[in-house]
Protein chains: 2
Amino acid sequence: MRVDDVKLPETLTFRLGTLGAAVADRFADRIAAHDLKPRHAGMLTALSMGEAASQQELAGRLGVAPSLMVALADHLAKLGAIERVRDPRDRRRQVLTLTGHGRELLVACADAARSLDEEITAELSADQRTALHAALGVLAGEAGLPR
Amino acid sequence: MRVDDVKLPETLTFRLGTLGAAVADRFADRIAAHDLKPRHAGMLTALSMGEAASQQELAGRLGVAPSLMVALADHLAKLGAIERVRDPRDRRRQVLTLTGHGRELLVACADAARSLDEEITAELSADQRTALHAALGVLAGEAGLPR
DNA sequence: TATTGTTATACTCTATAACTATA
DNA sequence: TATAGTTATAGAGTATAACAATA
């Protein structure tokens with residue numbers, strides 16, 4: 001068995017894992033000024049697509065435990081990014097809706113991501129960027145939205 | 001401001017982050033049978049490239065704290081994947097070398113990654129796979145090895 | 001009795017700081 | 001005094017389980 005045969009660092013699995021972690025860290029740095037973490041950005045995104053949702057529905061979509069959803073919603077509510085109102089027809093449910101400020105924050109996150117995209121892909125040709133975008137789009141479609 | 005203008009989920013930043021986390025989780029599941037985690041696979045990889053290294057050198061390469069390196073090395077030594085020998089010329093240094101079993105484990109990790117690659121890219125055309133591999137290769141070159 | 005949200009608790013990962021031994 | 005490694009401690013992030021309110 002030759003070590004040269006291994007080439008773990010050349011697998012997509014290894015590269016997606018390492019690059020993903022590095023990019024997520026840089027993204028986190030950039031949205032930290034808004035007192036947000038990547039999880040919050042994912043939650044704002046989920047709320048911006050589709051109608052208002054209860055915390056449990058949202059927890060299911062994002063694949064997180066209900067207890068974590070409480071903490072995330074608490075934080076976003078404290079920032080004024082979401083509103084929490086009891087569903088009058090089922091007072092157990094907390095219905096979450098994005099506020100104007102929440103939409104502003106989401107735009108700020110998207111801007112941060114786009115500028116990071118520019119930096120990341122600076123060394124790629126235009127064709128390579130297009131191909132990368134298309135390929136990741138397919139892969140993202142297989143998995144869910146979350147994180 | 002229209003929500004439709006945002007499109008955070010379509011950025012490379014967002015997709016690399018979410019896909020990377022999902023792939024890393026699946027990779028972790030597959031090497032768990034060998035009592036390894038992604039960090040250990042990264043460490044075995046680093047040891048397989050280049051000559052034997054002290055723990056501090058390795059910690060620097062992988063970008064982890066020295067205290068974490070101790071824990072990782074402890075675990076790999078317990079599995080018989082590495083050998084730790086005191087450098088006779090500087091008895092403070094622990095020189096780490098990969099054992100035969102360590103190389104076997106690295107091959108197992110690479111096999112797991114390759115089979116995961118197949119599953120992940122099942123819906124991509126051959127051209128898309130090639131392009132994705134090339135693009136990620138460039139991006140991986142910019143960042144370091146670690147994680 | 002079942003479900004939504006909440007709180008309490010515990011576990012994993014990792015870093016920082018204090019310490020030991022060697023230099 | 002400085003450095004390699006180790007140990008002790010602490011923080012972030014997240015899950016599980018127990019609980020309260022409502023159905």
Side-chain angles (χ1 to χ4, degrees), chain A residues 17-18 20-22 24-29 31-32 35-43 46-47 52-78 82-97 144 146-147, chain B residues 17-18 20-22 24-25 27-29 31-32 35-43 46-47 51-78 82-97 144 146-147:
Chain A
T18 55
D25 280 352
R26 292 174 67 182
F27 180 62
D29 288 343
I31 63 175
D35 203 5
L36 295 175
K37 301 193 175 177
R39 283 272 189 221
H40 301 120
M43 188 167 156
L47 276 174
S54 75
Q55 293 188 189
Q56 296 264 339
E57 285 161 6
L58 217 42
R61 275 193 230 168
L62 294 177
V64 302
S67 58
L68 177 54
M69 181 54 55
V70 173
L72 294 172
D74 280 352
H75 186 72
L76 290 179
K78 197 185 66 189
I82 62 170
E83 271 181 346
R84 252 175 175 159
V85 299
R86 289 273 169 199
D87 184 337
R89 280 163 308 188
D90 181 347
R91 291 187 43 71
R92 292 171 306 179
R93 303 176 79 234
Q94 299 260 47
V95 176
L96 308 184
T97 54
R147 281 250 177 178
Chain B
T18 54
D25 280 352
F27 180 61
D29 287 344
I31 63 176
D35 204 5
L36 294 175
K37 299 189 177 180
R39 283 272 188 222
H40 301 121
M43 187 167 157
L47 276 174
E51 63 287 357
S54 75
Q55 294 187 188
Q56 297 263 338
E57 285 160 6
L58 217 42
R61 275 193 229 169
L62 294 177
V64 301
S67 57
L68 178 54
M69 181 54 56
V70 173
L72 293 172
D74 280 351
H75 186 73
L76 290 179
K78 197 185 65 185
I82 62 170
E83 271 182 346
R84 253 175 174 158
V85 298
R86 289 272 169 201
D87 184 337
R89 282 162 308 190
D90 181 347
R91 292 188 38 74
R92 291 172 305 179
R93 303 176 80 236
Q94 300 260 47
V95 177
L96 307 184
T97 54
R147 283 252 175 174

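Chain identifiers are assigned alphabetically (A, B, ...) following the order of the sequence lines, protein sequences preceding nucleic acid strands; residue numbering begins at 1 within each chain.
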Practice prompt. Check if the side chain of Arg91(B) and the base of dT22(C) share a donor-acceptor pair of N or O atoms closer than 3.5 Å.
Written response: no

Worksheet item: Is the base of dT4(C) touched by the side chain of Arg93(A) through a donor-acceptor pair closer than 3.5 angstrom?
Response: no

Discussion item. Just verifying a value: how many Å separate Ile82(B) CD1 and Gln94(B) CD, rounded to the nearest 0.5 Å?
Written reply: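 That separation rounds to 9.0 Å.
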
Discussion item. Distance check, rounded to the nearest 0.5 Å: Leu68(A) atom CG versus Leu62(A) atom CG?
Written reply: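 It is 9.0 Å, given to the nearest 0.5 Å.
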
Discussion item. What verdict does the side chain to side chain contact (heavy atoms under 4.5 Å, CB included) test give for His40(B) and Asp35(B), after you've listed the backbone C-alpha separation in whole Å, the side-chain angles of each residue and the deciding distance to 0.1 Å?
Written reply: CA-CA 9 Å; His40(B) 301 121; Asp35(B) 204 5; over 6 Å; no

Practice prompt. With heavy atoms under 4.0 Å as the rule, sort Gln56(A) into base, sugar-phosphate or nothing.
Written response: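 Base contact.
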
Item to complete: Identify whether any heavy atom of Gln55(A) sits under 4.0 Å from a base atom; if not, whether one sits that close to sugar-phosphate; answer base, sugar-phosphate or nothing.
Response: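 The answer is sugar-phosphate, as Gln55(A) gets under 4.0 Å only of primed atoms, P, OP1 or OP2.
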
Measuring from the side chain of [X] (C-beta onward, heavy atoms only), which nucleotide among [options] has the closest atom?
X: Arg92(B); options: dA21(C), dG5(C), dT14(D); value: dA21(C)
X: Arg84(B); options: dA2(D), dT6(D), dT6(C); value: dT6(D)
X: Ala65(B); options: dA15(C), dT6(D), dA23(C); value: dA15(C)
X: Pro66(A); options: dT14(C), dG5(D), dT6(C); value: dT6(C)

Fill in: Toward the 5' end of DNA chain D, by each residue's nearest nucleotide, Pro88(A) or Ser67(A)
Ser67(A)

Worksheet entry | Verdict with reasoning, Leu47(B) to Arg61(B), per side chain to side chain contact (heavy atoms under 4.5 Å, CB included) | CA-CA 10 Å; Leu47(B) 276 174; Arg61(B) 275 193 229 169; over 6 Å; no

